[in-house]
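Read through the structure below, which is laid out as structure tokens, and then see the notes.
Scope of the values below: all heavy atoms of this structure, side chains included, with no hydrogens, waters or symmetry mates. Along the sequence shown, residues are numbered consecutively beginning with 1. Both counts, for ligands and for their atoms, begin at 1 and track the order of listing.
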Amino acid sequence: MRPVPAAISLAGTAIGCMAWAVRGRSSDVFAPSVWRGKKGRNAIALTFDDGPGPGTADILEILDRHHAKATFFQCGENVQRAPQLSRMVSEAGHEIGNHSHTHSNCALRSAEFIMSDFARAQQAIADATGKFPALVRAPFGVRWFGFREMQQALNLHGVMWTVIGRDWKLPANEISKRVTETVSDGAIICLHDGRGLTPNPDISSTTGALRQIIPALLDRGYHFETVSQILI
Ligand SMILES: [Zn+2]
């Protein structure tokens, strides 16, 4: 086996560092963010990205049945398509965060684009619910140059996750297993009540998993808080 030349090895390391800087859950390189909440009171924060959409009402019904509050990181375009769903989420006492307007990957995008895309989502959510979000989650977890300034200008706290369900891809049982086997006190769980900007996505794997995850975690003595609550 030929040894890896030092320059290639160094390039590989640099790419790895950059990937972590951009997408790492604990990276503050491009913008500050949290990836877990406070420990010590058996609280878990459920979060749902990419909504609202036709499946959001099912998620609300499951949460309501268990008296659980959650946080929804919504996309402005989805909110404009279904403002009544956004309002329903807010009026049920859940928290709404900003997940951009167009669900674009911010890597290599201009600072102007990033500012405008998240500002549009802030306005769309405020138009639908009467409240400007205080939280932001980057699509694909990707932060880039300009993200920090955008967060400051729009007064947004960055939120990543402790556990991601990969619910856009896995069946319900596997999502549930992945989440319930990994969570601990203060965890922020990332699931999805939409699939990007797809107008009518099938989210049955997510709802199926949620029907298992909530009772399993309640049995273990956890309760559910919004992201803002779990950070205090
Ligand atoms: Zn997303």
Side-chain angles (χ1 to χ4, degrees), residues 19 22-27 30-31 33-36 45-56 58-60 63 70-83 85-86 89-90 94-109 113-125 128-129 133-144 146-147 150-151 154 156-170 172 175 178-179 187-207 209-210 213 226-227:
V22 171
R23 300 193 63 175
R25 65 182 184 180
S26 60
S27 162
F30 289 103
S33 63
V34 296
W35 59 275
R36 64 171 307 126
L46 288 164
T47 69
F48 299 92
D49 294 0
D50 297 10
T56 302
D58 292 336
I59 302 272
L60 291 179
L63 293 170
T71 304
F72 292 75
F73 289 92
Q74 298 184 336
C75 294
E77 279 199 24
N78 291 341
V79 172
Q80 287 180 338
R81 196 188 294 129
L85 287 175
S86 198
V89 170
S90 177
H94 304 291
E95 183 164 23
I96 296 183
N98 184 330
H99 194 47
S100 84
H101 200 73
T102 59
H103 204 262
S104 301
N105 183 331
C106 288
L108 307 179
R109 301 304 294 254
F113 171 84
I114 291 171
M115 182 68 79
S116 136
D117 204 48
F118 287 87
R120 288 172 75 198
Q122 280 294 90
Q123 193 59 54
I125 293 166
T129 67
L135 306 174
V136 63
R137 176 176 281 156
F140 315 101
V142 170
R143 283 74 47 84
W144 195 247
F147 214 90
M150 177 278 290
Q151 284 189 199
L154 300 178
L156 290 168
H157 296 277
V159 181
M160 297 288 276
W161 51 80
T162 320
V163 187
I164 190 159
R166 299 184 70 77
D167 50 331
W168 62 91
K169 183 169 186 174
L170 298 176
I175 300 162
R178 186 181 158 85
V179 168
I188 298 172
I189 299 173
C190 178
L191 296 168
H192 296 75
D193 63 325
R195 301 289 184 262
L197 299 181
T198 307
N200 197 6
D202 176 5
I203 67 157
S204 55
S205 56
T206 307
T207 47
L210 194 62
I213 290 168
T226 65
V227 168

**OP:** Report yes if the side chains of Phe72 and Ile59 come closer than 4.5 Å at any heavy-atom pair, otherwise no.
**Re:** yes
**OP:** Evaluate the side-chain proximity of Leu210 to Leu191: yes if any heavy-atom separation is below 4.5 Å, no if none is.
**Re:** yes
Original post:
Roughly how far, to the nearest 0.5 Å, is CD1 of Ile164 from CD1 of Ile175?
Top reply: 11.0 Å
**OP:** Taking both backbone and side-chain atoms into account, decide whether Cys75 has an N/O/S atom under 2.8 Å from the Zn ion (ligand 1).
**Re:** no
**OP:** Kindly confirm whether the Zn ion (ligand 1) is within less than 2.8 Å of some N/O/S atom in His192?
**Re:** no
**OP:** Please confirm whether the backbone N or O of Gly141 pairs with a side-chain atom of Arg143, one donor and one acceptor, at under 3.5 Å?
**Re:** yes
Original post:
Hey, which N, O or S atom on Asp50 ends up closest to the Zn ion (ligand 1)?
Top reply: OD1
